[in-house]
Amino acid sequence: MTRALKRDRAVTVTVVRDVETLFEVMSVRTLVYVGEQNCPYREEFDGNDLAGATHLLVRIGKEPVGTMRIRWFADFAKIERVAIRPSHRSGEASAALVKTALELAARKGYRRVLGHIQTRLLKYWMRTAKVRVRDGRPAFKFSDFDYVEIERDLEPPANAISGDTPAMVLLRPEGDWDRPGVLERPAARGRSR
Ligand SMILES: CC(C)(COP(=O)(O)OP(=O)(O)OC[C@H]1O[C@@H](n2cnc3c(N)ncnc32)[C@H](O)[C@@H]1OP(=O)(O)O)[C@@H](O)C(=O)NCCC(=O)NCCS
């Protein structure tokens, strides 16, 4: 019973790999940005969700409580749209999300993460993600908030994904590179060429 309860409240962060999980992400963003922050729908869902982006979803037990988007560029990753539902703030969820995002970017070989963050949340970002404000970059404004640019250096681990990563590892699902993927299971369809 105690174990079941603990499992029910476990904080887990998932890389979004299917449409149903994407719906959970969009629900959280709709609640937080469109609902709570009164962001117009077309500004929140800006055309960058399905092109070049990875979404993370944090759940407590089975309940989706938070999300973040990461966009991948040639020499930097950009973290965006972090949101935790009001009922689940000041807990472990946002720290778990940020940690996963930074680890994912480092594992993919990125050495630099950028962010455009609401100025009022600078302290939060400095504490949670150890970021610094970018030198010589002006503050700016959109969707009714003031923003500053932040950055953070990353140290890719020894097993960072690269062009020399073994082929079957590279074929595994994004972020799940340490266990055999579906293509490594015994083929049920018999021998082929
Ligand atoms: C930012 C966010 C993800 C942080 O979630 P969290 O870590 O679970 O915890 P909290 O909301 O309690 O906030 C963490 C810190 O940010 C501060 N903060 C949160 N909202 C704030 C606001 N509107 N104005 C000023 N500070 C705020 C809190 O005071 C807290 O600071 P403290 O730890 O020094 O006391 C969450 O507040 C959120 O989803 N906000 C709405 C979406 C948003 O603004 N995203 C950020 C875009 S850059």
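Indexing begins at 1, ligand by ligand and atom by atom, following the structure's order.
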Polar side-chain atom of [X] near backbone of [Y] as donor-acceptor pair, under 3.5 Å:
X      : Y      : value
Arg85  : Pro64  : yes
Tyr110 : Phe73  : yes
His88  : Gly66  : no
Arg172 : Arg179 : yes

Counting heavy atoms only, which part of [X] comes closer than 4.0 Å to ligand 1: side chain, backbone, both or neither?
X      : value
Arg127 : side chain
Gln37  : side chain
Val32  : side chain
Leu121 : side chain

Evaluate the 4.0 Å heavy atom contact test for [atom]: does a protein atom fall under the cut-off?
atom                    : result
atom 36 (C) of ligand 1 : yes
atom 18 (N) of ligand 1 : yes
atom 14 (C) of ligand 1 : yes

same_hphob_cluster(Val58, Val28) at 4.5 Å side-chain heavy-atom cutoff: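 No, no single cluster joins them.
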Should [X] and [Y] count as an ion pair when the cut-off is N to O under 4.0 Å?
X      : Y      : result
Glu44  : Arg81  : yes
Arg107 : Glu103 : no
Glu80  : Arg71  : yes

Minimum non-hydrogen distance to atom 39 (O) of ligand 1, winning option of Val58, Thr128, Ile117, Ile84: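 It is Ile84 that holds the nearest heavy atom.
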Per atom 10 (P) of ligand 1, closest listed option by heavy atom (Ala95, Ser90, Ala93, Ser94):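 Comparing heavy atoms across Ala95, Ser90, Ala93, Ser94, the nearest one to atom 10 (P) of ligand 1 lies in Ser90.
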Shortest non-hydrogen contact from Ala106 toward Leu154: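 So the minimum-distance heavy-atom pair works out to N-CD1, 3.7 Å.
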For Trp125, atoms of ligand 1 separated by under 4.0 Å from a heavy atom: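 Those of ligand 1 that fall under 4.0 Å from Trp125 are 48 (S).
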Report the nearest protein non-hydrogen atom to [atom]: residue, atom name, distance rounded to 0.1 Å.
atom                    : value
atom 48 (S) of ligand 1 : Gln118 N, 3.3 Å
atom 47 (C) of ligand 1 : Tyr33 OH, 3.6 Å
atom 23 (N) of ligand 1 : Arg120 NH1, 2.9 Å
atom 11 (O) of ligand 1 : Arg89 CD, 3.1 Å

Please report whether ligand 1 has a polar contact with [X], defined as an N or O pair separated by less than 3.5 Å (distance criterion only).
X      : answer
Glu36  : no
Ala83  : no
Tyr147 : no

Lys123 to ligand 1, any heavy atom closer than 4.0 Å: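 Contact check Lys123 vs ligand 1: negative.
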Modelled atom types, side-chain donor and acceptor of Tyr33 and Ser143, under 3.5 Å: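 No pair is found: no donor N or O on one side chain lies under 3.5 Å from an acceptor on the other.
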Plane angle bin for Phe142 and Phe140 - parallel if under 30°, tilted between 30 and 60°, otherwise perpendicular: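 Rings of Phe140 and Phe142: parallel, under 30°.
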